[in-house]
Amino acid sequence: MDIPKQYNPKDTEKKWYKFWEEKGFFHAEPDPKKKPYSIVIPPPNITGILHMGHALNNTIQDIYVRFKRMQGFRTLWMPGTDHAGIATQNVVEKKLAQEGKTKDDLGREKFLEEVWKWREEYGSTIINQLKSLGSSCDWEKTRFTMDEGLSDAVLEVFVKLHEKGLIYRGNYIINWCPRCKTALSDEEAQHRDVDGMLYYIKYPIEDSKNHVIVATTRPETMLGDVAVCVNPKDKRYKDLKDKTVILPILKRPLKIIFDTKVDPKFGTGALKITPAHDPVDFELGRAHKLEPINVMNDDATINEVGGDFSGMDRLEAREAIIDELKEMKLFLKSEPHRHAVGHCYRCHTMVEPRLSKQWFVKMAPLAKPALDIVKKGKLKFYPKRWTKVYINWMENIRDWCISRQIWWGHRIPVYYCKKCSASSENVIVSKIRPEKCPKCGGSEIKQDPDVLDTWFSSWLWPFSTLGWPKKTKELKYFYPTNVLVTAQEIIFFWVARMVMAGMEFMKDMPFKDVYIHGTVRDDTGTKMSKSLGNVIDPINIISQFGSDALRFSIISITAQGQDVFLAPQKFELGRNFANKIWNASRLVLMNLKEDKVKKDLCQMAGDPSLTLADRWILSRFFQALGDFVKSLEAYRINDAANRIYEFIWHELCDWYLEMAKLTMDEEHTQVTLYKVLEKSLRTLHPIMPFITEDIWQRLPREHGTESIMVTSWPHMQKEFISKKIDAEMRLIINIVQAIRNLRATWRIEHKKEIDIFIKVKNKSVVSSLGANAIYVKRLARVGKLEISTKITKPKHSAVSVIEDTEIFLPLGGIIDIDKEKKRLGEKLDGLTAELNRINGKLKNKGFISKAPKNVIQQAKERKERVEVEMSSLKKNIRLL
RNA sequence: GGGCGGUUGGCGCAGUUGGUUAGCGCGUUUGCUUGACAUGCAAAAGGUCAUAGGUUCGACUCCUAUACCGCCCACCA
């Protein structure tokens, strides 16, 4: 036969993906006769390239989508990409910089053209990479957060929220990235601990030789100081009432204000107030009616207010100011101080808190329903612990700064009339650009230059992709979606906001379940990132090991919600498994006679032609199938993967295939082999779609379906599950293993056939074992095999005991009595210890009176079995 | 400052409501070109489940501390 010995995923995967796509198997139209199942993809950024996080994330989604599709649901996996405002603008700006240009050279319109060009060229890279993973998304439906429909949804939402009074514009301290030159939301400023300094500076008191010592981590902001604040209860500063201090360098007089917000224990207990550059100071400044003074430009250089320091970068200015203070003898000391500092989540530049006029969404009213739906348990998190994280965030929600001072994104639908809004806050909010000012008729209309936060489109994703605000049949059928699969990093950015948007605009949650998987890290536990150079490229892994191997491996080693530590060699697990399946299938394909496998399994449960081995593998298969489904439904995907692995490798391959070789041409073997393999492939298909398809296509067809991905999920046939059959086979397996163990212990040449005598207690076991003697003979290389209730131990024989079954291997001259004594003695010691443990339990009154019946029963049965085994062991030691 | 996760054989990890002889993969040792597979087969070695208490008839599993590692949130300048 021309099937190669090693599975080669390379050509196979491409071929089948193309086949699925061309057949339209990924496409899902609403079908009222079927139940819907839908997932929306977390849209990757158009700047993105596939990393292991994506690989894990999308493998999980694909598993569910393929699983549900086979189960008969009308299944939609909605794909798309995110325009990723700041990230994309940065990438294009960098590209321009290489050509020696800036965005301002081009101007807004030309620049946006460049971005669109860039997106045309690179924006679908990640989509193609997702395809090589095997993702069965409905690509015909692919959306982009900047496409027409989604842009319309964004405008609709802005207008509606504004009408409701939930969008407002105002001057507040926001996080400013001086490199991206835009405002950020609180979530976009990532706090990282930084080793900084706490500087102690003397502020002279007017008309006095004394001074107040102020402690600060950012001396450069003193240029914008407007007051010094102390706690009214702080006795050290009692005398400061009605005093004025002089701001060093700029010599500005500063009021002393009193407020309990100041912690007397921190620093010197005196806080300099810079309302334009610190949120706490801003609040204090407002409470005490102080005018903020902004001292920085948008690139964090000092502005004209800063006198000699103007033009310096903030950190440069910090040093210069300290030097000057030292010269003026107003610098007391500095001490190391570790504190959290915000950093831009896109470029990692230190964020500057800065007073700025921005657009905000009032979040508390939106949070309320989003909170309720989770508290009521209608929307569930897996693992559960994220519920608390979500609730905690929702309950402490702060308003969302949504305006960004960049060009790439949804332009804010706000217009200003030069004539009438210059003097007022009257703005025009409209989805369409107005010709004239509706208030004064003025024709000089200007649109707000800012764009919206990227997440302002992402939070609508579960319904905007389905057509909202239009009332489409897709929206009606597929919303709410079934599960959202994502990583913990984006719970606040995205998950929480989607719930709020869903509740507000659809009056229903966007998904029923949220599955939060772990973060992919390298084998030292560090998060994978391009800049650290520790990434394992999934595309690389795919070309090396295959997509199935990647998928299986990563799923198998990722426990629910736990972070996963990856190293390239871990993918050998999946590659080896794929190869194992490949070769098992080769064996079957080389032997299968198509005319012998057509029997209907539904009528086979009582079929007398089935042997113990046949019944056993069927029993084991259906148990594995049941466990597999149960695990998937509980989002315990690694359990599912490992369960089917265990079945295929260690039951089907290790035992049944070996046994089947002996009766390969008989119909019962043919049928069982075919059914079990075919069903195993179907079960495994969601995890390893390519290899299962490839083999399935080579098998005889039972139904008219064209592909494994559109066949039905294996039907559960509980009637095949039998504990009795399992136990019977267990004994045979144990005997084979015991004989192999004896062979190894006594170093019997592996080719040599040996004689074995087995003494059993019951006649019924004699006949059961007798009927399956060929398996024992074959699998343990036994020549003469005698099974009886009346065996007496042959001379010079080694023995192995399985409860009441004794296995004798005559060794003749090579037996070493001492060695055998020691071996059996050790086994006996182990059993004695166990018996003592069980006896201890059973003698314990508390155990007898309080433990559940079945547990006591179990202990008793175990005790009996141990005793039986011990007595036969003892007897055999005596006989040595 | 709060919250969360982790600590199980040499390494990486499972262990779902407390009752298992504590599992898996890699690695290790020994033996195998057994007519599907050396990306394999067979046999084996290796763990007082981080520490200290507690609850319980019974704890890897529940509770309370402690230690170490990691993450998230938070306006201590």
Side-chain angles (χ1 to χ4, degrees), chain A residues 3 5-7 173 191 198 214-218 221 229 261-263 265-268 270-274 278-283 337 339-340 353 383 385-386 388-389 392-393 396 488-489 491-492 518-519 521 523 525 527 545 549 553 556-565 567 569-570 572-573 575-591 630-631 634 636 638-639 642 645-646 653-654 657-658 661 737 740-745 747 749-751 778-781 830-831 833-834 837 841 844-852 854-856 858-859 862 866:
Chain A
I3 307 172
K5 274 189 170 188
Q6 286 190 355
Y7 174 56
I173 297 277
H191 291 272
L198 188 60
V214 146
T216 179
T217 55
R218 295 188 294 154
T221 63
C229 185
K261 279 206 176 119
V262 175
D263 178 3
K265 286 188 212 84
F266 188 90
T268 60
L271 173 65
K272 63 185 216 48
I273 300 295
T274 324
D278 186 278
V280 179
D281 294 11
F282 177 73
E283 289 305 320
H337 179 68
H339 60 143
R385 63 172 185 274
W386 296 108
K388 228 166 96 180
V389 176
N392 186 50
W393 186 79
N396 297 294
Q488 60 202 55
E489 292 91 7
I491 294 179
F492 306 139
T519 305
R521 300 174 185 283
D523 55 357
K527 204 160 148 178
F545 299 99
S553 305
S556 163
I557 61 180
T558 307
Q560 187 185 57
Q562 282 313 117
D563 287 356
V564 57
F565 290 36
Q569 91 239 13
K570 293 204 177 182
E572 289 169 9
L573 172 71
R575 179 201 57 183
N576 295 354
F577 185 41
N579 196 241
K580 188 75 182 174
I581 296 162
W582 182 252
N583 280 290
S585 306
R586 267 180 81 216
L587 173 70
V588 176
L589 287 165
M590 285 189 288
N591 289 285
K630 218 168 120 189
S631 295
R636 305 181 64 88
N638 62 320
D639 285 352
N642 292 327
Y645 174 95
E646 166 72 20
C653 293
D654 285 356
L657 290 188
E658 292 306 322
K661 284 176 185 171
Q737 286 176 329
R740 285 170 174 172
N741 181 297
L742 287 175
R743 297 186 67 116
T745 310
R747 303 197 168 269
E749 221 189 313
H750 84 282
K751 275 191 172 163
R778 167 70 179 237
L779 299 181
R781 269 186 194 267
L831 288 170
E834 200 188 338
R837 223 174 19 240
K841 257 191 197 175
N844 187 327
K845 276 182 206 154
F847 179 72
I848 296 299
S849 61
K850 288 183 182 170
N854 65 318
V855 173
I856 297 172
Q858 253 173 31
R862 181 75 196 138
V866 170

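Order of the sequence lines fixes the chain letters, A, B, ..., with proteins taken first and strands second; residue numbering starts at 1 for each chain. On a predicted model such as this, the values are computed, not experimentally measured, just so you know.
- Base pairing in RNA chain B yields stems of at least 3 consecutive Watson-Crick or G-U pairs, both distances under 3.5 Å, namely B:1-7 with B:67-73, B:10-13 with B:23-26, B:28-32 with B:40-44, B:50-54 with B:62-66.
- Residue A:Gln562 is in sugar-phosphate contact alone, with no base atom involved, counting any heavy-atom pair closer than 4.0 Å across all strands shown.
- A donor-acceptor pair under 3.5 Å links the side-chain atoms of A:Arg740 to the main chain of A:Leu779, judged by distance alone.
- If you check every strand for non-hydrogen atoms under 4.0 Å, A:Glu283 touches nothing.
- Residue contacts for A:Pro353: at a heavy-atom cut-off of 4.0 Å it reaches no nucleic acid atom on any strand shown.
- Side-chain atoms of A:Asn583 come within 3.5 Å of backbone N or O of A:Asn579 as a donor-acceptor pair.
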Go through A:Lys5 and A:Arg586 one step at a time and tell me if the side-chain contact (heavy atoms from CB on, under 4.5 Å) criterion holds.
CA-CA 8 Å; A:Lys5 274 189 170 188; A:Arg586 267 180 81 216; 3.4 Å; yes
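- Regarding A:Ile273, its CD1 atom lies at a distance of 9 Å from the C1' atom of B:A77, rounded to whole Å.
- Side-chain proximity of A:Arg636 to B:U39, B:G19, B:G15: nearest is B:G15.
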Determine, stepwise, if the pair A:Lys661 / A:Asn591 fulfils side-chain contact (heavy atoms from CB on, under 4.5 Å).
CA-CA 9 Å; A:Lys661 284 176 185 171; A:Asn591 289 285; over 6 Å; no
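- In this structure, A:Tyr645 and A:Phe577 have tilted ring planes: the angle between them lies in the 30° to 60° band.
- Between the side chain of A:Asp278 and the backbone N or O of A:Ile273 there is no donor-acceptor pair closer than 3.5 Å.
- Here B:U39 is the nucleotide among B:A36, B:U39, B:G35 with the atom lying nearest to any side-chain atom of A:Asn579.
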Test side-chain contact (heavy atoms from CB on, under 4.5 Å) applied to A:Val855 and A:Lys841, step by step:
CA-CA 11 Å; A:Val855 173; A:Lys841 257 191 197 175; 5.6 Å; no
At under 4.0 Å between heavy atoms, how does the protein contact nucleotides 21-33 of chain B? Give one character per nucleotide, 5' to 3', with B, S or -.
B---S----S-S-
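- Here the CG atom belonging to A:Leu271 is positioned 10.0 Å from the CG atom belonging to A:Asp263, to the nearest 0.5 angstrom.
- The two residues A:Val389 and A:Phe492 make their nearest non-hydrogen contact at CG1-CZ, 3.5 Å.
- One can place NZ of A:Lys580 at 11 Å from P of B:A36, the figure rounded to the nearest angstrom.
- Distance check, rounded to the nearest 0.5 Å: CG of A:Asp281 to NZ of A:Lys261 gives 11.0 Å.
- The line from CG of A:Asn576 to CH2 of A:Trp582 is 16.0 Å long, rounded to the nearest 0.5 Å.
- Taking the side chain of A:Arg781 as heavy atoms from C-beta on, and the options B:U34, B:G12, B:C76, the nearest nucleotide is B:U34.
- Using a 4.0 Å cut-off, some side-chain N or O of A:His337 falls inside it from OP1 or OP2 of B:A77.
- Distances shorter than 4.0 Å separate some side-chain N or O of A:Arg740 from OP1 or OP2 on B:A43.
- One donor-acceptor pair, N or O on each side, does fall under 3.5 Å between the base of B:A36 and the side chain of A:Lys661.
- Considering only side-chain N and O atoms, A:Lys5 lies nowhere under 4.0 angstrom from the phosphate OP1 or OP2 of B:A36.
- Contacts of A:Ala559 with the nucleic acid, taken as non-hydrogen atoms under 4.0 Å apart, involve only primed sugar atoms and P, OP1 or OP2.
- At a threshold of 4.0 angstrom between heavy atoms, the contacts of A:Lys388 are confined to the sugar-phosphate backbone, with no base atom among them.
- Residue contacts for A:Gln737: at a heavy-atom cut-off of 4.0 Å it reaches the sugar-phosphate backbone alone, with no base atom in range.
- Taking atom CD on A:Glu658 and atom C1' on B:G35, their separation rounds to 11 Å, with Å as the unit.
- What separates CG of A:Leu742 from P of B:A42 is a distance of 17 Å, to the nearest Å.
- Within 4.0 Å (heavy atoms only), A:Val262 reaches at least one base atom of the nucleic acid.
- Nucleotide B:A43 holds its C1' atom 11 Å from the CZ atom of A:Arg743, rounded to whole Å.
- Between the CD1 atom of A:Ile856 and the OG atom of A:Ser849 there is a distance of 8.0 Å, given to the nearest 0.5 Å.
- No contact: A:Ala859 has no heavy atom under 4.0 Å from any strand.
- Whole-Å rounding puts the A:His191 NE2 to B:G1 P distance at 18 Å.
- Taking every side-chain heavy atom of A:Asp639 into account, B:A14 is the closest of B:U39, B:A14, B:A77.
- The CH2-P distance, from A:Trp393 to B:C73, rounds to 11 Å in whole Å.
- Residue A:Asn396 contributes atom CG, which lies 19 Å from atom P of B:G1 at whole-angstrom precision.
- Note on A:Arg385: only backbone sugar-phosphate atoms sit closer than 4.0 angstrom, heavy atoms only; bases stay farther off.
- When the nucleotides B:C76, B:A43, B:C41 are ranked by their closest atom to the side chain of A:Phe266, B:C76 comes out on top.
- Distances from the side chain of A:Thr217 to the nucleotides B:G12, B:A77, B:G19 place B:A77 closest.
- Heavy atoms of A:Phe492 sit under 4.0 angstrom from primed sugar atoms or phosphate atoms, though from no base atom.
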